[in-house]
Amino acid sequence: MIDQKLYKPDVIEPKWQERWEKDGIYQSDIDHERPKYYALTMLPYPSGDLHMGHWWAMAPSDARARYMRMRGFNVLFPIGFDAFGLPAENAAISRNIHPQKWTYANIEKMRKQLRSMGSMFDWRREAVSSDPEYYRWSEWFFTQLHKHGLAYRKKSPVDWCPNCNTTLAREQVWGEDRHCERCNTPVIKKELKQWFFKTTSYAEELLDFSHLDWPDRVRLLQTNWIGRSEGASVIFRTEQGDPLEVFTTRPDTLWGATFMVLAPEHPLVKPLTSIEQESKVSDYIAQTLRQSEIQREAADKDKTGVFTGGYAINPVNGKRIPVWIADYVLMTYGTGAIMAVPAHDQRDFDFAIKFGLPILPVIDRIDGLTKSFVTRKAVKTGFAEAVSKSGITCNETSEGWEFTFTAEKAEEYIFTAKEYVTDKGWVEVIGGKWAFVFEKEIIDWDSVESGQRILGLCQKLCPETKNYKILMEMLWQCPFYRDALYHDAYGTMINSESFSGTPGDQAKEKVIDFLQQRGNGEGMVNYRLRDWLISRQRYWGAPIPIIYCPEHGAVDVPEDQLPVLLPEDVEWRPTGESPLKLHPSWRYTTCPICGKPAERETDTMDTFMCSSWYHLRYLSPHYDIGPFDPEEYDYWMPVDTYTGGIEHATMHLIYTRFFHKACRDMGITKGPEPMIQLRNQGIILGEDSEKMSKSRGNVVAPDELVARYGADTVRAFLMFFARWDMGAPWSSGGIEGASRWIRRVWTLFQDMPKQGNPTAETLKNLRRKVHQTLKRVTHDYESFEFNTVISSLMELLNEMVKAADAGATGSAEWKEAQELFLLMMAPATPHIAEELWGAIGKPYSIHQQPWPEVDEEAIVEDMITIVIQVNGKVRDRITAPLTISDEETRMLALNREGIQKYLEGKTPRKVIIVSGKLVNIVV
RNA sequence: GCCGAAGUGGCGGAACUGGCAGACGCGCACGACUCAAAAUCGUGUUCCUUCGGGAGUGAGGGUUCAAUUCCCUCCUUCGGCACCA
């Protein structure tokens, strides 16, 4: 008897796990009588140990899947392993274990650990991406994409990790020093011929989230990642006649394009480079490449660049403009070339000032800010006074006068300036109007040429300005002007021939029409998103099923020959070459078309390929006439709830959406999206608030906790101790609270019913609390607020303990309370719930019971507390029946003794009554 | 620099739609049980206080009878992007 009273998770947990497994209560099969629910948690990588992060991700997801099951859904909650990838291969190199052996041993260990969690995984549907029966279909998908023109091969510079000896996707390169995602080694560049998937073909559709219930945060991350920008492609020509295409978001500034900048890697750099500039250009290219190897990003932001010696023709005005190269133009974005509009782009402005390139404003300022700085020798006495008559005030400094006014005043100002200007200087107007007033003439600065003429005149009058190459450089020296020289807002076009005067809101559109008519360009949308590089120079991945034939090129391995199996006997040399390249018999084969000698592709696929469709393989992991059984697909897909870490927002979650859409267009899948609802959990940090890692020694091992407290306690604590979507640093002390709670529950259910005479009120209150809790818990499971599920159950337990003390244990209300309590805790702590469910004489299994219904009537409080405030401060409370009217409330409140003293005999100015809640008396 | 999220007791966190801030738990203190300790149970626990009250949700302002909640400015932390044409 005493034994029975002790809570022994190490006994009851394995007992129930075995029973559930034996009875197959978590096997999910097609059942058209019940609504389906596909709950999916992101598949783990078999690193060898199930860590706290896995539990944190999976246990609450499991609880919710269980809850949905009790709600009457036919729930599929599968699991599997993302079993290809680098760590296995690194282990092979460093510890001389075959990746396969390492991986499968890890999987075996993790299966055990996962089972100890007591989750409702349907293990019959487990899929392992490194099984030939799995990667056969990864290869098959590649073939399909290739056939439909969505997979292609191109030579391109790739990021290369010298430590992992592999290509890295852009997404796998992190930080300012551009280090490898996995091992933190700084990456270098390498040119390789690689396979890509055309994710960019789906860029526009990927921006449409209208079918998805996904967190705003993820949608925003994806939107930024895809990086759509609207503008135009404009075709310039080099002087030699080669077309030079640029992408610009500001076609309205075309007349201000005073030079061009190409990425150093741009193919036209060579033909454009003049003999004189050749060495400088090649030096610069070399320097850029070297820098990118080290820390190009971290380098100071000072613009660097070199003139090629070549020129291009601006298609709108036929102007001949110099072509430069600079590292701030990236070959990987747009066309790798830009038209530089220094007056309206910060980077171009900095570049032009630094290298003395012409700057011409072509967009009017919307704020009209106009400035003029006048030196003493430039004007006759009385100038400031004369100007002040126009209502323009000035700030006098030791060197002269600073005038700030609006564009409307400019003409009047210039008129006055003309009267007062001397032959020793000039008066300039900049910002809302660009003009220089000399004694002999007024020159509008409306073209590059007039700018140069003005500068020439200034240099004659003021020899100190001799060093300036361009007018803007001279103005830039004056700090007073800085905020008026450059802007990037849309505004009325100026200095743009017949387009001058076009309002800012129409400018872009009109210029694009004009370009289109003349065949010089067109409206265009550009994306930051790039195609997905899937080639990996590694062994432990799904082989890319391609054979290179000298005659027929890249030929797909025929479907009936899939999978291309990984050879098991490979040699490990950390040379950077895939071990597949070193394998003599595997590599050489014959062409499927002509039968002549040919070579296999030796690269394998990125593991994101495997994880892009695992949710489909779960449906029928052993199906061998297709990647999945269409019948299963039609029943289960799409995934209803997908849970996992936010860190996959821009990689996995974009790839899997792309994959689904591409497959849809190939007739393989259906519907717009693969996963309808997405919820992200936060991250569990170490107790020191740092990321858990072996090197920091702050890793919390779930196995130890399970051994000490039991899985139910660990599950309950994980659900309770922090907001699931936020995560938090681990708190080792806190688990005691969950443990205590579990044991108190156990104790309460072990106690024999006491004799007692509970009052009707006690029983009513108990029932009310039970149903209030049910309402809350139901809501919280629905909305992934797991911490308050547990805290509500803790509150209920406290109430039940009180009710038991008040003698309620023999009542029907008590019985109901016990039942509902167990049903509510069942998803969170499945083992103890099952055990106690049996103990109170209910039939096995609690996990096959329906979720209870809230009795709304039982929830209603009959007596309510109304707060009485005076001037917004709580001064008193009254208890009143629920049915109390506002007028009664008012009278009651005003007549309270405790309130009278705050009123000091004064009549309240206003009394606000919130029915049944609060009275606020304003005095 | 740009975009986004968060900031509440000693700690994790709670608070529905603008209506009693601090639920629940940890920790701590005191008490009961015990030879003793652990466990368990009970009581208390935002701060200040002259014990009347007063202050208080990162800081400052605003709207309102009433603000953790709405608006503006700023600070800090975290995440993402970053010469994106």
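Residue numbers begin at 1 in each chain, while the letters A, B, ... track the order of the sequences.
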Novice: CD of Glu687(A) versus P of G27(B): gap in Å, rounded?
Specialist: 12 Å

Novice: Consider the side chain of Arg217(A), meaning its heavy atoms from C-beta on, and name the nucleotide among C3(B), G79(B), C24(B) that approaches it most closely.
Specialist: G79(B)

Novice: Is it the case that Arg657(A) places NZ or CZ above or below the six-membered ring of Trp214(A), under 6.0 angstrom from the centre and within 45 degrees of the axis?
Specialist: yes

Novice: Below 4.0 angstrom from OP1 or OP2 of C84(B), is there any side-chain N or O of Arg530(A)?
Specialist: no

Novice: Please pick, from C20(B), G19(B), G25(B), the nucleotide with the shortest atom-to-atom distance to any side-chain atom of Arg744(A).
Specialist: G25(B)

Novice: Categorize Arg228(A) for me: base, sugar-phosphate, or nothing, with a 4.0 angstrom heavy-atom threshold over every strand shown.
Specialist: nothing

Novice: Can you tell which of A15(B), G54(B), G12(B) lies closest to the side chain of Glu785(A)?
Specialist: A15(B)

Novice: Looking at Asp350(A) and Lys354(A), is any side-chain nitrogen of the basic one under 4.0 Å from a carboxylate oxygen of the acidic one?
Specialist: no

Novice: Between A55(B), C65(B), A85(B), which nucleotide has the shortest distance from any of its atoms to the side chain of Lys873(A)?
Specialist: A55(B)

Novice: Is the base of G25(B) syn or anti, if syn means a glycosidic angle within 90° of 0?
Specialist: anti

Novice: I'd like to know whether the aromatic ring centres of Trp741(A) and Phe717(A) sit less than 6.0 Å apart in this structure.
Specialist: no

Novice: Under 4.0 Å between a side-chain N/O of Lys917(A) and OP1 or OP2 of A66(B), yes or no?
Specialist: no

Novice: Which nucleotide wins on minimum distance to the side chain of Leu330(A), given the candidates G13(B), G19(B), C84(B)?
Specialist: C84(B)

Novice: Check every strand shown and say whether Ser731(A) touches a base, only sugar-phosphate, or nothing at a heavy-atom separation below 4.0 Å.
Specialist: nothing

Novice: Taking the nucleotide of RNA chain B with the nearest heavy atom to each, does Lys910(A) or Ala738(A) sit closer to the 5' end?
Specialist: Ala738(A)

Novice: Of all the choices, A6(B), A23(B), C81(B), which nucleotide is nearest to the side chain of Glu795(A) once you look at every atom?
Specialist: A23(B)

Novice: Only Watson-Crick and G-U wobble pairs, only distances under 3.5 Å, only runs of 3 or more: what stems does that leave for RNA chain B?
Specialist: B:1-7 with B:75-81, B:10-12 with B:24-26, B:27-32 with B:40-45, B:46-48 with B:53-55, B:58-62 with B:70-74

Novice: Given C83(B), G12(B), G13(B), which nucleotide is nearest the side-chain atoms of Phe720(A)?
Specialist: G12(B)

Novice: Of the nucleotides A6(B), A14(B), C83(B), which has the atom closest to the Arg776(A) side chain?
Specialist: A14(B)

Novice: Is it the case that Arg715(A) places NZ or CZ above or below the six-membered ring of Trp55(A), under 6.0 angstrom from the centre and within 45 degrees of the axis?
Specialist: no

Novice: Would you tell me if any nitrogen or oxygen in the side chain of Arg743(A) comes within less than 4.0 Å of OP1 or OP2 on U40(B)?
Specialist: yes

Novice: Would one find more than 12 heavy atoms of other residues, nucleotides or ligands at under 6.0 Å from atom CZ of Arg217(A)?
Specialist: no

Novice: Tell me whether the side-chain N/O atoms of Arg740(A) come closer than 4.0 Å to OP1 or OP2 in A39(B).
Specialist: no

Novice: Nearest to the side chain of Val329(A), which nucleotide is it out of C65(B), C83(B), A85(B)?
Specialist: A85(B)

Novice: Rounded to the nearest angstrom, tell me the gap between atom CZ in Arg347(A) and atom C1' in C2(B).
Specialist: 13 Å

Novice: Does Arg528(A) make a side-chain N or O approach to OP1 or OP2 of A82(B) shorter than 4.0 Å?
Specialist: yes

Novice: Starting from C1' on A23(B), measure out to CG on Leu796(A) and report it in whole angstrom.
Specialist: 14 Å

Novice: Between A14(B) and Asn787(A), is there an OP1 or OP2 to side-chain N/O distance shorter than 4.0 Å?
Specialist: yes

Novice: Could you please name the option among G4(B), G12(B), A85(B) that lies closest to any side-chain atom of Leu220(A)?
Specialist: G4(B)

Novice: Tell me the interatomic distance from Phe349(A), atom CZ, to A85(B), atom C1', rounded to whole angstroms.
Specialist: 17 Å

Novice: Could you tell me the separation between the CZ atom of Arg890(A) and the P atom of C65(B), rounded to a whole number of Å?
Specialist: 16 Å

Novice: Is any NZ, NE, NH1 or NH2 atom of the basic residue among Arg723(A) and Asp725(A) found under 4.0 Å from an Asp or Glu carboxylate oxygen of the other?
Specialist: yes

Novice: Is there a donor on the side chain of Asp327(A) or the base of C83(B) sitting less than 3.5 Å from an acceptor on the other?
Specialist: yes

